[in-house]
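Atoms within each ligand, like the ligands themselves, are counted from 1 in listed order. Just so we're clear, the structure is a prediction, and the values are computed from it rather than from any experiment.
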Amino acid sequence: MSIGDRQRRAPQGVEPVDHFEINGGNRLRGAVTIGGAKNAALPIMAASILCEGETILHNVPDLQDVRQLLVLLNRLGVKSEREAGGALHLRVEDEMNCHAPYELVSKMRASICVLGPLLAKRRRAQVSMPGGCAIGDRPVNLHIQGMEALGADSELVNGDILLKAKKLQGAEMFLGGPFGSTVTGTANVLMAATLAEGRTVIESAACEPEVSDLAEFLNACGAQITGHGTPRVTVDGVASLSGTEHTVIPDRIEAGTFMIAAAITNGELELTNCRLEHLLAVVDRLRRVGVNIERGEKGVTVASSRRLEPVDVTTQAYPGFPTDLQAQTMALLCLADGNSVITEKIFPDRFLHVAELNRMGAHLRKEGPTVIVQGVKKLVGAPVMASDLRASAALVLAGLIAKGTTRVHRVYHIDRGYERIEEKLASVGAEVRRVSE
Ligand code: EPZ
């Protein structure tokens, strides 16, 4: 029964709360197809606000966050239709509404990605300021700074960011913050600059593949963007953009999660629809742990058959080690033969999984933005609580190798970013099932 069905079955207003029940110990074997990238699909869907005509997107994952953004886009006058299990069709039908309200934005932070498109196309954007987040402090000052550099007036109205501009003017700007570049901040400025007059140059732009995929999409719609994928991006404004057909890139974070699933179970997986070139920092660390990762005929093969070596990991902006794989890598290193040090440089407080992993018998000691991982011989099954998307993935991975049964509660966190992960894991030998509470 799909999540959608279950939601339809749940009594009105009652969110069905599931947990995963995992019996650990099985070595994973087989092939897994990686889905489309959530963090590319979301800004690209928001960019449809900029376009005349129809936008058709392929490889958009069927995730809670995608469904949530569609609710917001519909509210903003963008009609959406999804072919059964297939392409997503988006078309702007009404440009009156420019307000993304608290009750929608508070459900999903990435809703902030409508800020730039609304301002650029409708010259007005009122978007609820995203609130607190389990992974730490996440201000959006750089997003606003970028819009102001393009000539927008900004103010905070009852918790909403209100931006207005008679016209947008291209500008040179530095978009780096205390933790380096900003991914959705770069995406927002990129989208707004496409319809600004003149040239915009973004220094310290995020280089993530998801930002490059957005730029490729916008260029296919008629934008003039160069330098994407590097810290210096140039946008020459155009008068208008037209909808196009685009295939979203594979999800490197889902792929990395399955690489670690193979490694933690001493298994062997073939990942299809996986772009190894987007994961070089991850592959480098996993190979040092002792995992074999090769390009195979149909995809990427990942195999591990011996003891795991300890390594140190420091998260950085792309092409460095992704913060979105920090928790999953910590779960793996819990079983390494020695001590590893994990340093979180992007979200220094992103460690809610530490206490839960310790409940499973891990030896983790947190010191500021660093965790000392003392390797143990085994983990034991326990009831644990998911707190955010990637922390929940780490708990599921730990459950795959733990002795006995692990129950991961609040898996709605994992449904936000992984499409039917329990079915994919079960298809390669994991003993995992979704249980409705
Ligand atoms: C994106 O979030 C991703 N989300 C996150 O993935 C990911 O963890 C993050 O980039 C870093 O890679 C989406 O793409 C939807 P940032 P984003 O702005 O754009 C600070 C997941 O699990 N900052 O690059 O919100 C910020 O506090 C999610 O899929 C400012 O100071 O992250 C952080 O320390 C979780 N001011 C750093 O920059 C700003 O205006 C990087 O944040 C913006 C950010």
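Between the side chain of Glu197 and the backbone N or O of Gly237, no donor-acceptor pair lies under 3.5 Å. Within the 3.5 Å criterion, the main-chain N or O of Glu210 finds no donor-acceptor partner in the side chain of Asn39. Distance alone, capped at 3.5 Å, places no donor-acceptor pair between the Glu367 side chain and the Thr370 backbone. Glu208 contributes a side-chain N or O that, together with a main-chain N or O of Tyr318, makes up a donor-acceptor pair within less than 3.5 Å. Panel note: side chain Asp18, backbone Ser436; no donor-acceptor pair is recorded below 3.5 Å.
Looking from atom 34 (O) of ligand 1 to the surrounding protein, the closest heavy atom is Ile346 O, 2.6 Å. In this structure, atom 20 (C) of ligand 1 lies nearest to the protein heavy atom Phe179 CD1, 4.3 Å. With hydrogens left out, the protein atom closest to atom 39 (C) of ligand 1 is Pro139 O, 3.0 Å, a heavy atom. Closest to atom 19 (O) of ligand 1 among all protein heavy atoms lies Thr184 OG1, 2.6 Å. Protein heavy atom in closest approach to atom 27 (O) of ligand 1: Asp137 O, 3.1 Å. Protein heavy atom closest to atom 18 (O) of ligand 1, with residue, atom name and distance, is Thr182 OG1, 2.6 Å. Closest to atom 26 (C) of ligand 1 among all protein heavy atoms lies Phe347 CE2, 4.0 Å.
Applying the 6.0 Å contact sphere to CZ of Arg199 captures no more than 12 heavy atoms from other residues, nucleotides or ligands.
Defined by atom type and a distance below 3.5 Å, a donor-acceptor pair is present between the side-chain atoms of Thr33 and Thr272.
Heavy-atom contacts of Asp324 reach the following atoms of ligand 1: 5 (C), 6 (O), 7 (C), 8 (O), 21 (C), 22 (O), 28 (C), 29 (O), 35 (C) (cutoff under 4.0 Å). Less than 4.0 angstrom separates some heavy atom of Asn39 from each of these atoms of ligand 1: 3 (C), 4 (N), 6 (O), 13 (C), 14 (O), 15 (C), 21 (C), 29 (O). When each atom of ligand 1 is checked for a heavy atom of Val140 under 4.0 Å away, the hits are 39 (C), 40 (O). Near Thr323, meaning under 4.0 Å from any of its heavy atoms, are these atoms of ligand 1: 8 (O), 11 (C), 12 (O). The atoms of ligand 1 that sit less than 4.0 Å from any heavy atom of Ala110 are 15 (C). Every atom of ligand 1 with a heavy atom of Lys38 under 4.0 Å away is listed here by number and element: 21 (C), 29 (O).
If you check each of Arg138, His143, Glu208, Arg109 against atom 25 (O) of ligand 1, the one with the closest non-hydrogen atom is Arg138. Relative to atom 22 (O) of ligand 1, the option among Glu254, Lys345, Arg390 with the closest non-hydrogen atom is Arg390.
The shortest N or O to N or O distance between Leu142 and ligand 1 is under 3.5 Å. For Val183, a nitrogen or oxygen atom sits less than 3.5 Å from a nitrogen or oxygen atom of ligand 1, counting backbone and side chain alike.
Between Ala41 and Pro61, the shortest heavy-atom contact is CB-CD, 4.1 Å. For Asp415 against Arg434, the heavy-atom pair with the smallest separation is OD1-NH2, 2.8 Å.
A heavy-atom distance below 4.5 Å is not found between the side chains of Arg252 and Arg275.
Atom CG of residue Leu333 and atom CD1 of residue Ile372 lie 12.5 Å apart, to the nearest 0.5 angstrom. Note that the OG1 atom of Thr234 and the CD1 atom of Ile225 stand 10.5 Å from one another [nearest 0.5 Å].
Contact analysis leaves Gln145 out of contact with ligand 1, as no non-hydrogen atom separation drops below 4.0 angstrom. Taking a 4.0 Å cut-off on heavy atoms, Arg350 registers as neighbouring ligand 1. Contact between Gly177 and ligand 1 is absent, with no heavy atom of the residue lying under 4.0 Å from the ligand.
Both the backbone and the side chain of Asn141 come within 4.0 Å of ligand 1, counting heavy atoms alone.
Using cut-offs of 30° and 60° on the angle between ring planes, the pair His19 and His409 is tilted.
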